[in-house]
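Convention: sequence-line order gives letters A, B, ...; per-chain numbering from 1. Here the structure is a predicted model, which is why all the values come from computation and not from measurement.
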Protein chains: 2
Amino acid sequence: MAIFSKTCEYAIRAVLYIAHKSTLGIKVGIKDIAAGIDSPELYLAKILQDLSRKGLINSVKGPNGGFYISDTSLARPLSDIVEAVDGNALFTGCALGLKQCSAVNPCPLHNQFKAIRDQIYQVLNVNTIGTFNEELVNGILSLKK
Amino acid sequence: MAIFSKTCEYAIRAVLYIAHKSTLGIKVGIKDIAAGIDSPELYLAKILQDLSRKGLINSVKGPNGGFYISDTSLARPLSDIVEAVDGNALFTGCALGLKQCSAVNPCPLHNQFKAIRDQIYQVLNVNTIGTFNEELVNGILSLKK
DNA sequence: TGAACAAAAGATAAAAATGTCTTTTAATAA
DNA sequence: TTATTAAAAGACATTTTTATCTTTTGTTCA
Ligand code: FES
Ligand code: FES
């Protein structure tokens, strides 16, 4: 098992790709995005529809249409994407699947995993969608392969 | 998405339950385990068959039979269970699903998630199957609800 | 206007994870 | 030895996740 679902992996990579293009003033089509992050085009389309409905990204139809992202959305944390796609089980759920994570009735891993969960949330909350644009432009960071 | 698959959650809870009973010198049947960790009995049976084949736990058939765990297995780290069930994607895979996690071709989250991955491994490697027995006996820790 | 373009929406399909049922095998004890 | 017990094994079913296909809606531009 990976940390995120496949859907969420695609979602984060795609949003970062769109963000990167958006700061260059370019709207980008689904075909381009799918190629840019190496994901199945039609599946990704579904994911982006969902993110668009939820207001994380924007889109326009027709010629010269495509996906883009507003400056205010650029400032949103990555945790917003994760929460929209995978929910918040990663941030609040019990590591061993107990119905309720709590210090009152803790599972054996409670203390140590609470710290890890908090660190995961911290990383995803501190880093915004726009955080990585410079390194993406410079080709230091990768979204495919 | 949770950190572990449902299968892995059941596996860890069940192994800790068996370990707890084993240190009391008791072999325990599938029905008892399933009740003790609140999991579907027949699904858990499949999981334990697998762990038994892989040598993490032991079993005997017939009257007074059931599952138990050897002292040497009690000393094995929890990471062995996770690796047996979920593989090692959690420990070595790219957070964003790139085919290969590497510092040469890093995804945007590489550095920060490498640290988190290492911490997860650390926790699971330091804690053995037998680590929690005392607190389980004392009822301080919980494996169900 | 209307032709072309591109995302949205809805319907299916395939694969993987989770859960259940039935039969078989092995151990124990009477 | 035979009956009973309990796990192992194999087959099957359901649900969720991932992926694809088709039709519709909205936008742009000639
Ligand atoms: S109770 Fe399991 S992580 Fe908190
Ligand atoms: S490349 Fe993504 S976590 Fe290392």
Side-chain angles (χ1 to χ4, degrees), chain A residues 1-15 17-18 21-22 26-35 37-69 82 84-87 89-90 97, chain B residues 1-15 17-18 21-22 26-35 37-69 82 84-87 89-90 97:
Chain A
M1 278 257 305
I3 291 254
F4 304 121
S5 69
K6 215 118 214 25
T7 305
C8 192
E9 290 173 357
Y10 293 149
I12 296 172
R13 305 218 306 267
V15 169
Y17 185 86
I18 295 167
K21 295 288 184 182
S22 261
I26 304 170
K27 280 200 292 292
V28 61
I30 187 68
K31 208 156 183 161
D32 187 344
I33 303 169
I37 71 167
D38 191 31
S39 78
E41 180 186 328
L42 294 165
Y43 187 54
L44 184 62
K46 284 296 172 199
I47 299 169
L48 294 188
Q49 273 168 39
D50 184 46
L51 293 179
S52 182
R53 253 184 267 109
K54 287 173 176 163
L56 269 153
I57 59 178
N58 303 96
S59 69
V60 289
K61 296 178 178 178
N64 292 315
F67 295 90
Y68 66 99
I69 192 162
V82 174
V85 177
D86 278 351
L90 189 60
Chain B
M1 276 259 304
I3 290 253
F4 304 120
S5 67
K6 216 114 212 27
T7 305
C8 193
E9 290 173 356
Y10 293 149
I12 296 172
R13 304 219 306 267
V15 168
Y17 185 86
I18 296 167
K21 294 290 184 180
S22 262
I26 304 171
K27 279 199 293 292
V28 62
I30 187 67
K31 207 154 183 163
D32 186 346
I33 303 169
I37 70 168
D38 191 30
S39 76
E41 180 185 328
L42 294 164
Y43 188 53
L44 184 62
K46 286 295 173 200
I47 299 170
L48 294 188
Q49 274 168 39
D50 184 46
L51 293 179
S52 181
R53 252 184 268 108
K54 287 173 175 161
L56 269 154
I57 59 177
N58 302 96
S59 68
V60 290
K61 295 179 180 178
N64 292 313
F67 294 89
Y68 66 99
I69 193 162
V82 174
V85 176
D86 278 351
L90 189 61

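Going from atom CZ of B/F67 over to atom CG of B/L48 covers 4.5 Å, rounded to the nearest 0.5 Å. Put simply, OH on B/Y68 and CD1 on B/I57 are 10.5 Å apart, with the number rounded to the nearest 0.5 Å.
Along DNA chain D, the stretch of nucleotides lying under 4.0 Å from any heavy atom of chain A spans, 5' to 3', D/dT18 to D/dC29.
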* Can you list the steps and then say if A/L51 with A/V85 is a side chain to side chain contact (heavy atoms under 4.5 Å, CB included)? -> CA-CA 8 Å; A/L51 293 179; A/V85 177; 4.1 Å; yes
* Please walk me through it: do B/K46 and B/D50 pass salt bridge (charged side-chain N to carboxylate O under 4.0 Å, His left out)? -> CA-CA 6 Å; B/K46 286 295 173 200; B/D50 184 46; over 6 Å; no
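Heavy-atom minimum distance, B/I3 versus A/M1: O-CE, 3.5 Å. Taking each heavy atom of A/E41 and A/I30 in turn, the nearest pair found is O-CG1, 3.8 Å. Across A/D86 and A/F4, no two heavy atoms sit closer than the pair OD2-CA, 3.7 Å. Nearest heavy atom pair, residue B/A84 against residue B/K54, reads O-NZ, 2.9 Å. Annotation for B/A2 and B/E9: closest pair CB-OE2, 3.8 Å, computed over non-hydrogen atoms.
The distance between atom CD1 of B/I37 and atom P of C/dG19, rounded to the nearest whole Å, is 11 Å. Atoms OH (B/Y10) and C1' (C/dA17) sit 11 Å apart, rounded to a whole Å.
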* Asked: Going 5' to 3' along nucleotides 5-13 of chain C, which nucleotides have protein heavy atoms under 4.0 Å from the base (write B), which only from the sugar-phosphate (write S), and which from neither (write -)?
  -> BBBBBBB--
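The shortest side-chain heavy-atom distance between B/I33 and B/L44 falls under the 4.5 Å cut-off.
The terminal axes of the helix from C/dT1-D/dA30 to C/dA30-D/dT1, fitted over 5 pairs per end, subtend an angle of 0° to the nearest 10°.
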